[in-house]
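Note on naming: letters A, B, ... go to the chains in the order of the sequence lines (proteins, then strands), and numbering restarts at 1 for each one.
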Protein chains: 2
Amino acid sequence: MRNSKQKEIILRALGEHCIHPTADELYNYIHQEYSDIGVATVYRNLNKFAEKGIIRKIIGLDGSSHFDSCLEPHYHFICSCCGKIYDVPINIGKDLIAKAEEFTDCKITSMNMTFRGLCRECEDKHNGKFVFDEAETEMLLTASTS
Amino acid sequence: MRNSKQKEIILRALGEHCIHPTADELYNYIHQEYSDIGVATVYRNLNKFAEKGIIRKIIGLDGSSHFDSCLEPHYHFICSCCGKIYDVPINIGKDLIAKAEEFTDCKITSMNMTFRGLCRECEDKHNGKFVFDEAETEMLLTASTS
DNA sequence: AATGATAATGATAATAATTATCATTTATTG
DNA sequence: CAATAAATGATAATTATTATCATTATCATT
């Protein structure tokens, strides 16, 4: 991978955000200051960085791709109301992966966990009156036992 | 929600599959027998069913939407080689969610876990020589401690 | 069983995010 | 500094999904 001004700009711009922007959002942000950067360059490099493990890619619940410059082990929380993605800096036990390998007879190399609910801000704003009218597509907590 | 012949066909067709098809895949399958069903109807109803909690929607690592007629608590394993989605019928402890709520100060209502790696079939076929050239976008196991 | 209200359907247009193409520019290496 | 090949940017292409809307089917009520 060759160096370029654009790559530096993209990486720096991503580092300035903690909201886990999409490629498009980051492009628009960068484009304000560097109007001559191309959309393809931003998409291309973000994906390349993710492949190389320099950054992380998060697939949102609606299928959109978000990017995260933080490589530290952590998971994500997505607010069902405002859609913002927050970090959840916890680790899970290896025994869970062992159990999953046992059940599936598959070799597991990576895993991903996403929580969903209402963020503090939205809960305050809506005073608990927010109705989950979106698809409840994930495992409901009520169904999970330990 | 009103009843219809199409809804029955779609639900039945989904039940016949354990590969977690996309809306498009299911449409093509159904279309073979019922050539007069529309694409929009399949997309519409699958999403509606997921909203109602009659089926589940899984967002693949590439952002594609897959559907699952099984409502039992379980997670998924996606093969990095062939892309097939397998069920992982395990449960996690509530303490993990409690911990996540504590860290984020958010109210968690649901969670989702996806494992990734090589399925038995692909491992045998490629004899362990498969190279992960795809984006390693999730948390690498090596980074996770218990 | 006929009626009427309205939800569901299907054909197709529209959308939106992302990727491919390719001529031009830029970085790296000897 | 020149040669080589990768990177860029403009734009076309792609692809999955959704919106539109005229038509049809469903279902509660008569």
Side-chain angles (χ1 to χ4, degrees), chain A residues 1-14 19-52 54-68 78 83 85 133-135 137, chain B residues 1-14 19-52 54-68 78 83 85 133-135 137:
Chain A
M1 189 160 67
R2 208 171 267 185
N3 211 19
S4 80
K5 228 176 296 169
Q6 289 88 341
K7 286 203 180 87
E8 284 172 36
I9 290 166
I10 291 166
L11 264 188
R12 183 150 36 82
L14 184 63
I19 55 148
H20 311 81
T22 61
D24 200 59
E25 285 167 348
L26 201 65
Y27 165 74
N28 286 125
Y29 172 75
I30 291 170
H31 193 254
Q32 291 173 7
E33 194 169 353
Y34 305 93
S35 59
D36 51 351
I37 204 167
V39 205
T41 303
V42 177
Y43 273 86
R44 209 164 17 208
N45 282 318
L46 285 174
N47 281 312
K48 203 172 290 179
F49 291 154
E51 271 172 42
K52 298 274 178 201
I54 296 167
I55 65 173
R56 280 173 62 194
K57 190 184 198 173
I58 312 157
I59 303 292
L61 289 165
D62 58 348
S64 57
S65 297
H66 296 255
F67 294 89
D68 186 355
I78 305 179
I85 300 177
D133 56 357
E134 272 184 80
T137 58
Chain B
M1 187 158 69
R2 208 170 268 185
N3 211 19
S4 80
K5 228 176 296 169
Q6 289 86 342
K7 287 204 180 87
E8 281 171 37
I9 291 166
I10 291 166
L11 264 189
R12 183 151 34 83
L14 184 64
I19 57 149
H20 310 81
T22 61
D24 199 60
E25 285 167 349
L26 201 65
Y27 164 73
N28 286 124
Y29 173 76
I30 292 170
H31 193 254
Q32 290 173 9
E33 195 168 354
Y34 305 93
S35 60
D36 51 350
I37 204 166
V39 205
T41 302
V42 177
Y43 273 86
R44 210 165 16 209
N45 282 318
L46 285 173
N47 281 312
K48 203 173 288 178
F49 292 153
E51 272 171 42
K52 299 271 180 207
I54 296 167
I55 64 173
R56 281 173 62 194
K57 189 185 200 174
I58 313 158
I59 303 291
L61 289 165
D62 58 348
S64 57
S65 297
H66 297 253
F67 295 90
D68 186 356
I78 306 179
I85 300 177
D133 55 358
E134 273 187 80
T137 57

key: Phosphate-side-chain proximity, A/N3 and D/dA7, N/O vs OP1/OP2 below 4.0 Å   = no
message = Taking 4.0 Å as the cut-off, does a side-chain nitrogen or oxygen of A/Q6 come that near to OP1 or OP2 on D/dG9?
response = yes
request  = Report which part of the nucleic acid B/T22 touches: base, sugar-phosphate, or nothing (heavy-atom distance under 4.0 Å, all strands).
outcome  = nothing
Residue closer to the 5' end of DNA chain D, B/A40 versus B/S4 (nearest nucleotide) = B/A40
query = OP1 or OP2 of D/dT17 sitting under 4.0 Å from any side-chain N/O of B/S65?
reply = yes
Whole-Å distance separating the NZ atom of A/K7 from the P atom of C/dT25 = 18 Å
query = For the side chain of B/R44 and the base of C/dA8, is some donor closer than 3.5 Å to an acceptor across the two?
reply = no
inquiry  = Can you see if the side chain of B/K5 gets near the phosphate of C/dA8 - specifically, an N or O under 4.0 Å from OP1 or OP2?
reply    = no
note = Between CD1 of A/I10 and C1' of D/dT8 the distance, given in whole Å, is 10 Å
request  = Check whether any side-chain N or O of A/Y43 sits under 4.0 Å from OP1 or OP2 of C/dT18, and answer yes or no.
outcome  = yes
request  = Take atom NZ of A/K57 and atom C1' of C/dA17, then tell me their distance rounded to the nearest Å.
outcome  = 12 Å
Selected nucleotide, minimal atom distance to B/R2 side chain, candidates D/dA25, D/dA7, C/dG10 = D/dA25
note = Between CD1 of B/I37 and C1' of D/dT23 the distance, given in whole Å, is 17 Å
task = Rounded to the nearest 0.5 Å, what's the gap from NZ on A/K57 to CG on A/D68? Could you check?
result = 13.5 Å
Interatomic distance where CE belongs to A/M1 and C1' belongs to D/dA5 [whole Å] = 16 Å
Spacing between B/N45 atom CG and C/dA7 atom P, to the nearest angstrom = 15 Å
request  = Report yes or no: do B/D24 and B/T22 form a side-chain donor-acceptor pair below 3.5 Å?
outcome  = no
ask   = Going through the distances and angles, do B/L11 and B/I54 end up as a side-chain contact (heavy atoms from CB on, under 4.5 Å)?
value = CA-CA 9 Å; B/L11 264 189; B/I54 296 167; 4.2 Å; yes
ask   = Rounding to a whole Å, what distance do you find between A/N28:CG and C/dA16:C1'?
value = 13 Å
ask   = So how far is it from A/I55 CD1 to A/L46 CG, rounded to the nearest 0.5 Å?
value = 5.0 Å
task = Sort out the partner of D/dA28 for me: Watson-Crick or G-U wobble, both distances under 3.5 Å, none otherwise.
result = C/dT3
note = Rounded to whole Å, the NE2-C1' distance (A/H66 to C/dT18) equals 14 Å
inquiry  = Let me confirm one number: the CG-CD distance from B/N45 to B/E51, rounded to the nearest 0.5 Å.
reply    = 11.0 Å
